[in-house]
Amino acid sequence: MNDMRLTERDVNTKEIKIEARQVQVFYGTTHALKDVDVEIEDKTVTAFIGPSGCGKSTFLRCLNRMNDTIDVCRVQGDILLDGEDIYDKRVDPVQLRAKVGMVFQKPNPFPKSIYDNVAYGPKIHGLARTKVELDEVVESSLRRAALWNEVKDRLDAPGTGLSGGQQQRLCIARAVATSPEVLLMDEPCSALDPIATAQVEELIDELRQSYSVVIVTHSMQQAARVSQKTAFFHLGNLVEFGETSKIFTNPEDPRTESYITGRIG
Ligand SMILES: Nc1ncnc2c1ncn2[C@@H]1O[C@H](COP(=O)(O)OP(=O)(O)OP(=O)(O)O)[C@@H](O)[C@H]1O
Ligand SMILES: [Mg+2]
């Protein structure tokens with residue numbers, strides 16, 4: 001009996017994929033994030049919620065060094081991926097971003113064919129040696145993104161010719177094509193209708209089997225539907241982090257409670 005319980009607990013204990021310690025972010029003199037400490041689990045969907053301007057996108061961009069591309073932005077503190085400092089000088093940000101993929105708010109397919117949108121990453125990272133292998137990666141990525149059946153007969157058509165929801169799923173296919181370990185999604189459904197949103201949410205739930213997924217969302221219903229862990233940010237502080245069910249039903253901090261009940265936002 002005891003053994004059984006131990007096994008169950010082991011199964012429920014997820015590995016820590018990303019650990020942030022005392023993260024500070026400045027844009028020039030604006031102190032956008034203050035002392036953020038958080039542990040992001042593997043094979044879990046973590047939602048970042050909080051009012052506009054509280055630092056959700058800023059923190060998401062810390063996790064794959066997208067902030068490096070913003071001149072005035074300075075990041076301090078430690079961010080570890082599998083225990084390794086991602087800001088170490090030896091880390092190549094391009095390789096890092098293949099491991100920690102990102103999907104943006106607005107679908108942004110390359111001005112290329114559907115096929116090439118997905119094949120691009122595996123090509124530049126040398127993940128496919130032959131055309132057959134590349135075809136396989138493209139097909140499996142489009143399948144994972146629940147888009148294959150809709151596009152398999154027009155892989156040479158431009159990615160920009162798809163509907164908004166299809167374009168977003170194409171961007172997800174592009175992100176999963178490099179076999180990332182973490183997928184960062186910044187309001188991935190805000191440009192989508194309810195049907196496409198439901199498809200993407202279903203997909204997020206599936207991706208959780210293989211990846212650690214972090215999603216920024218303004219929709220509390222969405223956070224409650226798709227995530228197991230939730231982080232609430234307010235004015236640059238990570239106010240509360242925990243089980244999604246707990247954050248939404250029994251938050252500890254009055255600021256979290258005000259936000260989820262719609263009093264601040
Ligand atoms: N490129 C930038 N240059 C200067 N300041 C920035 C930049 N990006 C963000 N900021 C500032 O950092 C703070 C946090 O912004 P961030 O975009 O992370 O918020 P957010 O929580 O994602 O908001 P939203 O929900 O509106 O997307 C804000 O005060 C914002 O003005
Ligand atoms: Mg944002």
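Note that the structure is predicted; figures quoted are calculated from it, not measured. Ligands are counted one by one from 1 in listed order, and the atoms in each one are counted from 1 as well.
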So which heavy atom in the protein is nearest [atom], and how far is it from that ligand atom?
atom	value
atom 27 (O) of ligand 1	Glu187 OE2, 3.6 Å
atom 29 (O) of ligand 1	Gly53 O, 4.0 Å
atom 22 (O) of ligand 1	Ser57 OG, 2.8 Å
atom 10 (N) of ligand 1	Tyr27 CE1, 3.3 Å
atom 1 (N) of ligand 1	Ile70 CG2, 3.7 Å

List every atom of ligand 1 that sits less than 4.0 Å from any heavy atom of Ala32, numbering the atoms from 1 in the order shown and giving each element. 12 (O), 13 (C)
Does His218 reach ligand 1 with a nitrogen or oxygen that is under 3.5 Å from one of the ligand's nitrogen or oxygen atoms?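 Yes; the residue has a nitrogen or oxygen that sits under 3.5 Å from a nitrogen or oxygen of the ligand.
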N/O to N/O below 3.5 Å, does that happen between Gly50 and ligand 1? no
Below 4.5 Å, heavy atoms only, C-beta onward: do [X] and [Y] meet side chain to side chain?
X	Y	value
Leu81	Lys17	yes
Arg169	Leu162	no
Pro158	Pro111	no
His218	Lys56	yes

Any side-chain to backbone donor/acceptor pair from Asn64 onto Val100? Under 3.5 Å, distance only.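 Here the side-chain-to-backbone pair exists.
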Side-chain donor-acceptor contact under 3.5 Å, Ser190 with Gln105: yes
What part of [X], side chain from CB on, backbone N/CA/C/O, both or neither, has a heavy atom under 4.0 Å from ligand 1?
X	answer
Ser52	both
Arg61	side chain
Thr58	both

Heavy-atom distance from atom 5 (N) of ligand 1 to the protein below 4.0 Å?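 Yes, there is a protein heavy atom closer to it than 4.0 Å.
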May I ask whether atom 14 (C) of ligand 1 is less than 4.0 Å from at least one protein heavy atom?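 Flag for atom 14 (C) of ligand 1 set to true, protein heavy atom closer than 4.0 Å.
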Atom pair [atom1] ([X]) and [atom2] ([Y]), whose distance is rounded to the nearest 0.5 Å:
X	Y	atom1	atom2	answer
Glu187	Gln222	CD	CD	9.0 Å
Ser212	Leu207	OG	CG	11.0 Å
Phe48	Ile40	CZ	CD1	4.0 Å

Below 4.0 Å from any atom of ligand 1, is there a heavy atom belonging to Gln105? no
Got an N, O or S from Ser57 under 2.8 Å of the Mg ion (ligand 2)? yes
Should the pair Phe59 and Phe233 be assigned to parallel (<30°), tilted (30 to 60°) or perpendicular (>60°) ring geometry? tilted
